[in-house]
Number of protein chains: 2
Amino acid sequence: MISEQKIKMALQCPMPKLDFDIITLGHGSGGLLTNRLLDSGVFELLKNDLLDERHDGAIFNVEAGRMAFSTDSYVISPIFFPGGNIGELAVNGTVNDLAMCGARAKHLSLAFILEEGLTMREFWEVLVGIKYAAEQAGVQIVTGDTKVVERGKGDKIFINTSGVGMLHPRAHISKSRVQPGDKILISGHIATHGMAIMSVRQGLEFETTLLSDTTNLNHTVMGLLDVFGDHIHLLHDPTRGGVATVLNELARDTRLGINLLERGIPVLDEVAGACELLGLDPLYVANEGIFIAVVAAAAADSVLEFLQADTNGSAASIIGEVTAEHPRQVLLHSKIGGKRVVNMPVGEQLPRIC
Amino acid sequence: MISEQKIKMALQCPMPKLDFDIITLGHGSGGLLTNRLLDSGVFELLKNDLLDERHDGAIFNVEAGRMAFSTDSYVISPIFFPGGNIGELAVNGTVNDLAMCGARAKHLSLAFILEEGLTMREFWEVLVGIKYAAEQAGVQIVTGDTKVVERGKGDKIFINTSGVGMLHPRAHISKSRVQPGDKILISGHIATHGMAIMSVRQGLEFETTLLSDTTNLNHTVMGLLDVFGDHIHLLHDPTRGGVATVLNELARDTRLGINLLERGIPVLDEVAGACELLGLDPLYVANEGIFIAVVAAAAADSVLEFLQADTNGSAASIIGEVTAEHPRQVLLHSKIGGKRVVNMPVGEQLPRIC
C-alpha cells in the first residue's frame with residue numbers, strides 16, 4: 001500500500017515546466033547548465049537554511065557529545081520499484097545506518113552521478129522521493145553534488161548519501177557488548193525488499209504486488225533506546241546479504257555462536273512463495289525496512305512487546321539467541337526439528353539490490 | 001615532479017598477494033567475497049581505530065562548536081593521470097571543500113562504485129593514493145561502502161568522499177561578508193589540473209609533462225585563518241568551470257561586480273600554450289590545488305605575502321577586486337588595455353575533470 005502522504009507529496013510537487021527534458025553532460029559542468037538544472041526546482045524542492053547557503057559545504061552548530069557518521073552509495077536497479085525509488089532508499093538507508101549506531105540522523109549530504117540521457121521526469125520523481133523520505137525521517141539535506149557521466153558509463157542514476165547525527169545519550173551499542181544468553185530479535189518480515197525488486201526484474205506476477213518495505217527506522221530505534229537504553233547491545237539492518245550475512249559477521253567478530261529458530265522468523269507468505277519459485281533462501285535475501293536487535297535476555301520480552309506496538313515492528317519476533325557453544329557458527333533449528341549450519345553467502349544472489 | 005613521499009609510500013605499500021585479480025559483482029554482495037576484498041589489505045591499508053570498528057557508521061566525540069560537512073563524487077577519466085589519481089583527488093577535493101568553509105577536515109567517509117572488471121592492481125593503486133592524500137592532509141577515513149556494478153554500467157571507479165571538521169575559531173567566511181573594495185587573490189597557477197588531464201586524453205606531447213596540482217589546502221588555509229581571521233571574507237576553490245564560474249557565481253549571489261586583471265592571473269607558460277593549441281580559455285579550465293580568497297582590502301598585501309611564503313602559494317597573486325559598479329558582472333581588464341565581460345560558461349569544455 002502506498003501511503004497517502006506519499007501520494008499527497010507527489011501531487012504537491014509537480015515537475016516544473018522546463019526548457020529541457022533530458023540530462024546532458026553539460027548539466028554536470030559546474031557552469032550555467034548545472035546552475036539551470038539546480039535552479040529548475042531542485043534547490044526549491046529540498047529547500048532549507050543550510051542548503052540555501054550554496055557553499056562548498058554546510059555549516060551548523062554541534063553540541064559536545066558522541067557523533068555518528070555514515071555513508072552509502074545506492075546503485076539499485078531498477079531505480080523505480082514497487083513501494084519506492086532509489087531516492088527514498090538513499091535517504092532511508094543512511095538514516096537507518098545511523099540509527100543502527102544508536103544515532104538520530106540530522107544532516108544528510110546528497111551526491112548524484114547521473115547518466116547522460118536520464119529524463120528530467122525520472123530525476124524529478126527521484127527528487128520527490130528524497131524529499132518525502134527526508135521529511136518522514138526528520139532530516140535535512142544540507143549539502144550536495146551533481147556529476148554527469150556519458151551514456152553507457154553509468155546507469156541512469158547512482159546516489160551517495162552520507163549523514164551525521166548525535167548518539168542517543170543512552171545508546172551503548174557495540175559488538176563487544178554481545179554476550180552468551182542475549183536474545184536476537186527482528187523487527188519485521190524478512191526478504192520483502194529483495195523479493196519486491198526481484199519480482200520486477202524477473203517480470204513475475206503474483207496475486208498481490210510485493211512492495212519494498214523501505215522506510216526510516218530512526219524513530220523506532222530512538223524510542224527503543226529511550227526505554228531500554230543499554231539493554232540494547234547491538235543493532236544491525238540486514239541489507240545486502242540478508243539476515244544470514246549479518247549473523248555470520250556477528251558470530252565471526254564476537255567469536256560466539258548463534259542459535260536461530262526457523263519458526264520464529266517472520267516471512268510473508270507471498271515472499272516465501274516467490275523465494276521457493278526462484279530457488280532463493282529468504283535468509284540470504286536483502287532487506288530494507290527491518291533491523292536486528294541483540295538485547296539482554298532479561299529485557300527481551302519487553303523489547304518484543306515494545307516493538308510489536310510500533311508501526312515498524314508489528315511483525316517483530318525473537319528469532320534466536322547468542323551462545324558460547326559452537327563459536328563463530330550460526331545454527332538454524334528448523335521447524336521440523338533438524339539443525340543446519342547457515343554459512344555466509346559467497347557471492348551475490350541478487351546484485352544491485354540497494 | 002612526483003614527491004619523494006609519494007614514491008616512498010608506494011614502495012611501502014605493495015599490493016598483497018591475492019587469489020583474485022579482477023573485481024567481480026560478487027565483491028559488492030556484502031557476503032564472503034566483499035569481506036575477502038576488504039580483508040585483502042584494504043582495511044589494513046587505511047587502518048585506524050574508528051574504521052576498525054567496522055560498524056554501519058563511525059562514532060567519535062565532538063566538542064561544542066561549528067561543524068562543516070561536505071560531499072563530492074569523483075568521476076574523473078582517466079583515473080590515473082600525470083600528478084595523481086582519482087583516489088588522491090577524492091581525498092583532497094573534500095578536504096579542500098571543507099577548508100573553503102574555514103574548517104579543518106578530520107573525518108572522511110569513502111564510498112566506491114566499482115565497475116566489474118576493474119583490476120585489483122588498479123584498485124590498489126587508487127587505495128594507496130587515498131592513503132597518501134589522507135596522511136598528507138591529516139585526516140582519517142573512518143567509514144565506507146563498496147558497491148560493484150556490471151561491466152558497462154560504470155567506468156572503472158567512481159568515488160564519493162564526504163567529510164566533517166570543526167570550523168577554525170576565527171573563521172567567518174560567507175558570501176554575505178564580501179563587499180566593494182575587497183581584493184581577490186588566487187593562491188597559484190590556474191588551469192594546470194584541467195590541462196594535465198586534457199593532455200592525457202588528447203594524447204598531446206609537450207616538452208615537459210604537465211602534472212595535475214592536486215593537493216590538500218587545509219594546512220595553508222588554517223595558517224591563513226590563524227593570522228588573518230575574519231579579514232578573510234570568502235574562500236572558494238575554482239574546480240569545475242574554473243575561475244570564471246566561481247567569480248560569476250560570486251557576482252550573481254552578492255549582486256556586486258568584479259574587476260579582473262588579466263596581468264595578475266598566473267598561468268604556467270606550457271599551460272597557456274596548451275590552452276591556445278586547443279582553443280581553450282584558461283579562465284574556464286578546472287583547477288584542483290588552488291583557491292580564491294576574497295579579503296579585506298587593508299589586509300590584501302599581507303595575505304599575499306603570507307601565501308607566497310607557503311608551499312602551496314608561491315605563485316599567489318592579486319587578480320582583481322570587488323566593486324559596486326557593474327553589479328553581477330565580471331569584467332576582465334586585458335593586458336593590452338581592453339575590457340571584456342567574462343560570462344559563466346554554458347556547458348562543459350572538459351567533461352569529467354574531477
So for [X], is it side chain, backbone, both, or neither that comes closer than 4.5 Å to the heavy atoms of chain B?
X: A:Thr245; answer: side chain
X: A:Val142; answer: side chain
X: A:Leu108; answer: backbone
X: A:Glu115; answer: neither
X: A:His107; answer: both

Is any NZ, NE, NH1 or NH2 atom of the basic residue among B:Arg352 and A:Glu150 found under 4.0 Å from an Asp or Glu carboxylate oxygen of the other?
-> yes
Does CD belonging to B:Gln329 count more than 12 external heavy atoms closer than 6.0 Å?
->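 For B:Gln329, atom CD is crowded (more than 12 foreign heavy atoms under 6.0 Å).
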By a 4.5 Å heavy-atom criterion (distance strictly below it), what part of [X] contacts chain A: side chain, backbone, both, or neither?
X: B:Phe158; result: side chain
X: B:Thr146; result: backbone
X: B:Val148; result: backbone
X: B:Ile76; result: neither
X: B:Lys175; result: side chain
X: B:Arg252; result: side chain
X: B:Leu167; result: side chain

Name the option with the most non-hydrogen atom pairs under 4.5 Å to chain A; the candidates are [options].
options: B:Glu249, B:Lys147, B:Met100; value: B:Lys147
options: B:Ala286, B:Ala68, B:Gly102; value: B:Ala68
options: B:Pro345, B:Ser162, B:Ser73, B:Gly57; value: B:Ser73

Hey, what do you get for CG (B:Leu32) to CG (A:Asn343), rounding to the nearest 0.5 Å?
->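 Between B:Leu32 CG and A:Asn343 CG, I get 9.0 Å after rounding to 0.5 Å.
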Are any of the side-chain heavy atoms of [X] and [Y] separated by less than 4.5 Å?
X: B:Ser77; Y: A:Lys153; answer: no
X: B:Val62; Y: A:Arg66; answer: no
X: B:Arg240; Y: A:Ser29; answer: no
X: B:Phe69; Y: A:Leu50; answer: no
X: B:Val75; Y: A:Ile113; answer: yes
X: A:Asn35; Y: B:Met344; answer: yes

Positive for side chain to side chain contact (heavy atoms under 4.5 Å, CB included) with A:Asp72, one of B:Asp56, B:Asp145, B:Asn160, B:Thr143 = B:Asp145
Residue pair B:Val346, A:Leu33: steps toward the side-chain contact (heavy atoms from CB on, under 4.5 Å) verdict = CA-CA 6 Å; B:Val346 176; A:Leu33 285 175; 4.0 Å; yes
Looking at A:Gly31, A:Ser176, A:Gly65, which one has more heavy-atom pairs under 4.5 Å with chain B than the rest?
-> A:Gly65
Hey, which of A:Ala111, A:Cys101, A:Gly163, A:Cys354 has the most heavy atom pairs under 4.5 Å with chain B?
->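 The residue among A:Ala111, A:Cys101, A:Gly163, A:Cys354 with the greatest pair count is A:Cys101.
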A:Ser70 and B:His55: side-chain contact (heavy atoms from CB on, under 4.5 Å), yes or no, with the steps?
-> CA-CA 9 Å; A:Ser70 185; B:His55 197 30; over 6 Å; no
